[in-house]
Engineer: 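Before anything else, here's the structure in question.
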Amino acid sequence: MSLRFAILALLSVEPMTGYDLAKRFESSVAFVWHAPNSQIYPELRKMAADGLLQAEEVSWGPRGKKTQYRITAEGTAAFRDWMNAPLEYSRERDPVHLKAAYLEWTEPSTAKEQMRAHIDYHTMRRGQWQDMIEGLRAGTNEMLNKRLAATPEADRRRTIEYKIFTYEGLIARADTEIDWAKRGLKLIDSLSGPS
Ligand code: VNL
């Protein structure tokens, strides 16, 4: 359900073809709302059918045509309403923690390998988020630059700072995961002797 709001967030800047939207999505909002192209294209069609977007045929190349999606007044209102509604939470569905609860079913060496993989994964994600913050701060993020060009001067600072705030939250979470997995490594050793 949140997918359509992630799409509306991007289309609030300018109309895009499905292909351009999918590409931009991947390098911006996908870091907080991951969705494969196989969900994005059908969602765009549904949103047009629901009146949130207007689908327009635009020429592409010498004879080709492409569908471009433009946010409607209804789409803008739906995004604003959603933004102003209370936060929603979903209950945990985390295979890592599910497995952590039953590590007695593994060899200690396997359990430690999993903890190390957890550290590696979150270290990698942390790096991507750090790079994102650097691009947002340096003014080299293409999506943000387009958004800023369409944003009144008085709103630009908060438009930037809230994006940075988002990635800082993800980095803090990654740090917590890394610390937890390090504690896991120690715990596994203390329960089984070094392996
Ligand atoms: C935007 C740009 C959003 C860069 C992002 O993540 C991002 C945007 C939420 O302007 O919509 O990393």
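Since the model is a prediction, treat every value here as computed from it, not as a measurement. Just so you know, ligand 1 is whichever comes first in the structure, and atom 1 is the first atom listed for that ligand.
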Engineer: Counting only heavy atoms, which portion of L10 has something under 4.0 Å from ligand 1: side chain, backbone, both, or neither?
Structural biologist: side chain
Engineer: One pair to check against salt bridge (Lys or Arg N to Asp or Glu O under 4.0 Å): E113 and R116. What are the steps and the verdict?
Structural biologist: CA-CA 5 Å; E113 195 38 61; R116 286 191 206 101; 3.3 Å; yes
Engineer: In plain terms, say whether E43 and K46 are close enough for a salt bridge, that is, a side-chain N and a carboxylate O under 4.0 Å apart.
Structural biologist: yes
Engineer: Please check whether R147 reaches ligand 1 - meaning an N/O of the residue sits under 3.5 Å from an N/O of the ligand, judged on distance alone.
Structural biologist: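 Yes.
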Engineer: On a heavy-atom basis, which atom in I171 and which in W129 lie closest, and how many Å separate them?
Structural biologist: CG1-CB, 3.8 Å
Engineer: Looking at non-hydrogen atoms alone, which of T151, I164, N141 comes nearest to atom 2 (C) of ligand 1?
Structural biologist: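 Looking at heavy atoms only, the winner is N141.
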Engineer: More than 12 foreign heavy atoms under 6.0 Å from CZ of R80: is that the case here?
Structural biologist: no
Engineer: Starting from atom 12 (O) of ligand 1, which protein heavy atom do you reach first, and at what distance in Å?
Structural biologist: Y167 OH, 2.6 Å
Engineer: Do the side chains of I71 and L52 get nearer than 4.5 Å, heavy atoms only?
Structural biologist: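 Contact flag for L52/I71 side chains = no.
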Engineer: What part of M132 sits under 4.0 Å from ligand 1 if we count only heavy atoms: the side chain, the backbone, both or neither?
Structural biologist: side chain
Engineer: Considering only heavy atoms, which of S28, A150, A9 lies nearest to atom 7 (C) of ligand 1?
Structural biologist: S28
Engineer: Can you sort out which atoms of ligand 1 are near L144, meaning under 4.0 Å from one of its heavy atoms?
Structural biologist: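 Once the distances to L144 are compared, the set is 2 (C), 10 (O).
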Engineer: Tell me the closest heavy-atom pair linking G18 and Y41, and the distance in Å.
Structural biologist: C-CE2, 3.5 Å
